[in-house]
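Here the structure comes first, spelled out in structure tokens, and everything after it is commentary.
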Amino acid sequence: MAKPAAKKATRKTIGVRAPKPSPASAAAESSVPHRLTRAQLIDALNKDLAKEYSALIQYVQHASVITGPQYDAISAELTVHSNEEHQHAITLSDQIDFLGGVPDVNVADIHISPDSKVMLEQDLEGELDAIARYRERIGQAEMLQEYGLRRALEDILIVEEEHARDLQSALDL
Ligand SMILES: [Fe+2]
Ligand SMILES: [Fe+2]
């Protein structure tokens, strides 16, 4: 998977003349955000996709295993979250394809626990990470004038924020 992506990155950046580095421009560059390429955005979206797959699996497992009368409502909600993570994976996969990339089928780390409260903390950690990643990704889509992608990412972000609020209220935070 990594090899074709690297190849594509090279192909897509051919023809872009890099300015000759000078000590002055190197110093200036350290304070200026480096220009993102389309290939780098595709790589980042593929990492987001792997985390959507892991979130959907993690929610399926947690919804089944979580126990305790205080967690009845959130247990049903975790299944809803799982279905929404599945929708996010479909959206990201389509967007990666639209951008000319190949959607990966990697699954990121999955966190489980025998403790119901710890499960919810693991889920919340994943949501807060997703919120931070999608905020960054929306800015990157904007930078590359990919407005359709930006809109799709904004819709995902709204749902991740709802997920985080559901978990925070179940955890009495
Ligand atoms: Fe998601
Ligand atoms: Fe989520």
Side-chain angles (χ1 to χ4, degrees), residues 1-2 5 36 38-173:
M1 285 294 165
L36 185 85
R38 207 178 168 85
Q40 286 169 329
L41 179 59
I42 290 168
D43 281 350
L45 289 168
N46 262 321
K47 292 194 175 77
D48 296 329
L49 178 57
K51 292 200 172 191
E52 291 293 347
Y53 285 135
S54 69
L56 98 81
I57 295 168
Q58 185 170 311
Y59 275 129
V60 168
Q61 202 266 3
H62 288 189
S64 301
V65 173
I66 198 165
T67 47
Q70 71 274 41
Y71 298 127
D72 277 355
I74 191 70
S75 170
E77 202 57 45
L78 297 183
T79 303
V80 174
H81 288 195
S82 175
N83 288 327
E84 287 168 336
E85 308 305 6
H86 184 188
Q87 288 307 314
H88 297 167
I90 293 169
T91 300
L92 290 180
S93 189
D94 285 345
Q95 290 292 329
I96 290 165
D97 179 65
F98 294 156
L99 287 171
V102 178
D104 284 344
V105 289
N106 300 325
V107 180
D109 290 345
I110 296 166
H111 303 282
I112 60 170
S113 168
D115 183 308
S116 296
K117 185 166 176 275
V118 172
M119 285 180 210
L120 296 179
E121 288 166 350
Q122 291 168 335
D123 295 335
L124 178 58
E125 196 180 320
E127 295 297 345
L128 297 178
D129 173 62
I131 289 166
R133 280 185 291 103
Y134 290 126
R135 282 182 181 159
E136 184 185 13
R137 216 66 73 231
I138 288 165
Q140 292 168 335
E142 171 89 29
M143 197 191 296
L144 292 180
Q145 297 185 311
E146 292 292 346
Y147 300 117
L149 171 64
R150 183 190 68 184
R151 173 64 186 272
L153 292 168
E154 285 169 348
D155 289 345
I156 293 177
L157 176 63
I158 290 168
V159 176
E160 308 300 18
E161 288 176 344
E162 284 172 7
H163 291 176
R165 281 196 291 273
D166 291 342
L167 293 160
Q168 282 164 339
S169 98
L171 284 163
D172 280 326
L173 296 175

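Just follow the structure's listing: the first ligand is 1, and inside any ligand the first atom is 1.
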Name, closest N/O/S atom of [X] to the Fe ion (ligand 1):
X	answer
E52	OE1
E85	OE1
H88	ND1
E160	OE2

**Message:** Just by distance, no angles: are the side chains of E125 and H111 close enough, under 3.5 Å, to form a donor-acceptor pair?
**Reply:**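 Side chains of E125 and H111: no pair found under 3.5 Å.
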**Request:** Please confirm if an N, O or S atom belonging to E84, backbone or side chain, lies less than 2.8 Å from the Fe ion (ligand 2).
**Result:**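 No, outside the cut-off.
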**Request:** Would you check if the Fe ion (ligand 2) lies under 2.8 Å from any N, O or S atom of H163?
**Result:**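 Checking the Fe ion (ligand 2) against H163, an N, O or S atom does fall under 2.8 Å.
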**Prompt:** Does D43 come within less than 4.0 Å of K47, counting only side-chain N to carboxylate O?
**Reply:**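 Salt bridge between D43 and K47, a charged N being under 4.0 Å from a carboxylate O: no.
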**N/O donor-acceptor pair under 3.5 Å between D104 side chain and N106 backbone** =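 No, D104 side chain to N106 backbone: no donor-acceptor pair under 3.5 Å.
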**Side-chain (S116) to main-chain (T67) donor-acceptor, under 3.5 angstrom** =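 Answer holds: yes.
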**Message:** Just to verify, which of R137, R135, R150 counts as forming a salt bridge (Lys or Arg N to Asp or Glu O under 4.0 Å) with E142?
**Reply:**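 Of the listed options, the one satisfying the test is R150.
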